[in-house]
Every structure is written in structure tokens, then in C-alpha cells.
Amino acid sequence: MPLVTSKEMLKKAYEGGYAVGAFNVNNMEIIQGITEAAREVNAPLILQVSAGARKYAKHTYLMKLIEAAIEDTDLPVCVHLDHGESFEICKACIDGGFTSVMIDGSKYPFEENIRLTKQVVDYAHERGVVVEGELGRLAGIEDDINVSDKDAAFTDPDQVQEFVERTGVDSLAIAIGTSHGAFKFKGKPRLRFDILEEIEKKIPGFPIVLHGASSVLPEYVETINKYGGKIPGAQGVPEDMLRKAASMAVCKINIDSDLRLAMTAAVRKHLAQNPEDFDPRKYLSPARQAIKEIVKHKLVNVLGCNDKI
Ligand code: G3H
Ligand code: 13P
Ligand code: ZN
């Protein structure tokens, strides 16, 4: 099975009232955990690579590992650049075999966001690659960029149609109250489903993307802290809200922090219980297993994309 774009996956997800999972990958164990989970439940997959992941593992290693995972599982997989900051990084990923890129122009004024996004779309579409744009601004931390709560802004439904038409993007990331990282809400979790509904009315049938969608499950935070970690009381997006979003226009849901927490909890627990271990295979096996379990849970119980191949 060759790499695929997310075009067909997201169209089917829209029609079927579910969402495809987009999980961040940084190394072999993460790629194996995710793809093995998807294989077991027959789910299409988007594996996404951030600029930080490319810096950490190198583009070539990640591509080859993903190719190996496809050979091993025969899954339809889309390889996607997460939060592309510039035309140059998008171009490098398109030239380097990715089937999808995100150009995140959300920090720019509307006209500049359109100009940059269209530049990427023109280059990508000529080469059969799809593009995700972003309108609105999520709070939180990505790579070294820290967006404070006061700089965050919900997506304006009155801008989406013009943005989609003028740029030609294939999907659109929006801001309706989620944020990146493990600390998402100060008070009660709240997503602006009213904004999502408005957006859907403006661009019916168009696939929407939700970033910052980790749920920060207490069991992982508790395990990390029990075995020497120090993560203050975190709060994620409740899973029932994600299910609701997936039944609406949201077709791609980005999850990274939950996998980091699951992996870290497994490593901490293993090392605390086996202090004599220094073989990385001994503590990375439970880490990979933990990734597999959390991803399976997301695919089946949250996103509803199992048995959709
Ligand atoms: O949205 C950001 C993702 O969690 C990737 O994080 O930029 O630290 O690799 P990263
Ligand atoms: P989380 O930090 O909530 O996992 O969000 C990940 C994300 O949006 C990647 O683009
Ligand atoms: Zn994101």
C-alpha cells in the first residue's frame, strides 16, 4: 500500500460522522505503537511530523520508519507536516515525500495568511499533495512558540468561506477553545460548538480539523506523579466533547500530549519497579505498548474511525 493523501479519508469521515486520528510521531516505538493499534482496529491513519520531530529524528529517518510501518501493516497512511511555519518547510516536506502539509499562517493578519497559504497550496497541488490551513489562534505551546491565553482567538465564521475559496486549501484547522499541551482549561472545559455550527453552515461539506485535542487522562498523570514525576493537576478536552465534534464537521483530530503522557507513565513505572534495568528495550517495550493501548482507545471510543478502511 503506497502513502495516500487525506482527501478521501476526510471526505468519508465527514459523510460517516466520525474523525480520522492524526497522531504526532518522533521515533520508531511511537510509529509502531500507533500503526499496530490502527491495524488491529482497521482504522485509516494520519501520522504527523512537527518541525521539532524533523529536527529530533531527521526527515529521512521518519520517512523510512513510516514506510517500514506501512510495509508491515498494509495500512492506508497519510504523512502530514504539523504546523508548517513557512513556505520553505512545506516545500521541503512536499519534495521529501509527504502527502499532506499544514501551513500555519494563523499568527499573521488575514490577508498575509491567505497569501502564504495560497503559495503553499499552488506548490502542493501541482504535486498531488493536500494542504491544511488555519484560521483562529489556539493558546499553548508548539515547538518554541508560546501563545498566551490573551493572544488566542476563536475562529471568525464570517472569514472561513473567503479563506477557503481564495486559498484552495483542502481542510481547515479552527480555534473553538482547545489548546496545545496538557493544561487546556482554567475552569470548566468548554468548547464553542456554536462557532463550529456556524462554520459548518458557511462551508457545508468542508473538512474541519481540531488541534489540541488531548484529554489528559488522570490515570497517566497520576502514574507519572506516583513514580517521581511532577505534573501539576492537568485538564484536557473531555472525550465526549471530541465525540460530539467528530459527529459534526470535524474530520481530523490531532492528538499528541496524550501519547506523550502514556509513554512517560509507562517508562517511569517500569524503571521505578525495575531499578536494575538499563536495557532500553526493557523500558521502551512497555512504552510502545502504552502508545498502542491509548491509540486504540482513541480510534474506537473517541474518534469512531475503526473498521473504516
Ligand atoms: O502541536 C504540537 C504538537 O504537539 C507537536 O509538538 O512541536 O513539540 O513536536 P512539538
Ligand atoms: P495536544 O497537545 O492536545 O495533543 O494537541 C496536539 C496537536 O494539536 C498537534 O498539532
Ligand atoms: Zn496543533
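Small disclaimer: the values here were computed from a predicted structure and weren't measured. The figures that follow rest on heavy atoms only: side chains count, while hydrogens, waters and symmetry mates do not. Numbering of ligands and ligand atoms starts at 1, following listing order.
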### Task
Dump the intermediate steps for salt bridge (charged side-chain N to carboxylate O under 4.0 Å, His left out) on E88 and K91, then the final yes or no.
CA-CA 5 Å; E88 287 69 30; K91 180 179 181 303; over 6 Å; no
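- Set against the non-hydrogen atoms of D256, the atoms of ligand 1 under 4.0 Å away are 3 (C), 4 (O), 5 (C), 6 (O).
- Atoms of ligand 2 found under 4.0 Å from any heavy atom of G181 (numbered from 1 in listed order, with element): 2 (O).
- Partners of F110 under the ring pair (Phe, Tyr, Trp, His ring centres under 6.0 Å) rule, at least two apart in sequence or in another chain, do not exist in this structure.
- Taking CZ from F87 and CD from Q119, the interatomic distance works out to 5.0 Å, rounded to the nearest 0.5 Å.
- Residues satisfying the ring pair (Phe, Tyr, Trp, His ring centres under 6.0 Å) criterion with H211, sequence neighbours excluded, are H83, H180.
- Between N24 and ligand 1, no N or O atom pair is found at a separation short of 3.5 Å.
- Counting only heavy atoms of the protein, atom 9 (C) of ligand 2 lies nearest to D82 OD2, 3.2 Å.
- H180 contributes atom NE2 as its closest N/O/S atom to the Zn ion (ligand 3).
- At least one heavy atom of R260 sits closer than 4.0 Å to an atom of ligand 1.
- At under 3.5 Å, not a single nitrogen or oxygen of N24, backbone or side chain, sits near a nitrogen or oxygen of ligand 2.
- Look at K184 and you'll find a heavy atom under 4.0 Å from some atom of ligand 2.
- When the N, O or S atoms of H211 are ranked by distance to the Zn ion (ligand 3), ND1 comes first.
- Counting the atoms of ligand 2 from 1 in the order shown, those under 4.0 Å from a heavy atom of Q48 are 9 (C), 10 (O).
- A single hydrophobic cluster is seen to contain both L299 and L242, as judged by linkage of ILVMFWY side chains at heavy-atom distances under 4.5 Å, directly or through other members.
- A heavy-atom distance below 4.5 Å is not found between the side chains of S214 and R260.
- Close contacts between ligand 2 and H211 involve ligand atoms 8 (O), 10 (O) [criterion: under 4.0 Å to a heavy atom].
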### Task
Could you give me the CA-CA distance, side-chain angles and deciding distance for K298 and E239, then say whether salt bridge (charged side-chain N to carboxylate O under 4.0 Å, His left out) is met?
CA-CA 9 Å; K298 298 285 178 186; E239 292 185 333; 3.1 Å; yes
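- Here is the list of ligand 1 atoms found below 4.0 Å of a heavy atom in H83: 1 (O).
- Residue N26 has no N or O atom closer than 3.5 Å to an N or O atom of ligand 1.
- Ligand 2 has a nitrogen or oxygen under 3.5 angstrom from a nitrogen or oxygen of D256.
- Considering all non-hydrogen atoms of both residues, A175 and L138 come closest at CB-CD1, 3.7 Å.
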### Query
Is there a salt bridge (charged side-chain N to carboxylate O under 4.0 Å, His left out) between R166 and E162 once you walk through the steps?
CA-CA 6 Å; R166 286 179 59 196; E162 184 180 349; 2.7 Å; yes
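- The atoms of ligand 1 that sit less than 4.0 Å from any heavy atom of D82 are 1 (O), 2 (C), 3 (C).
- With a heavy-atom cut-off of 4.0 Å, A213 touches ligand 2 through its backbone alone.
- Against a heavy-atom cut-off of under 4.0 Å, H83 is close to the following atoms of ligand 2: 10 (O).
- Looking at G236, S214, G212, it is G212 that brings a heavy atom closest to atom 8 (O) of ligand 2.
- Ranking protein heavy atoms by distance to atom 2 (O) of ligand 2, first place goes to S257 OG, 2.7 Å.
- Of the inter-residue distances, the one linking E219 atom CD with I294 atom CD1 reads 7.0 Å to the nearest 0.5 angstrom.
- Side chains of I231 and L261 form a contact here, defined as non-hydrogen atoms less than 4.5 Å apart.
- Within the 4.5 Å cutoff, side-chain heavy atoms of I34 are placed close to those of L45.
- Of all atoms in ligand 2, numbered sequentially from 1 with element shown, those under 4.0 Å from a heavy atom of I255 are 4 (O).
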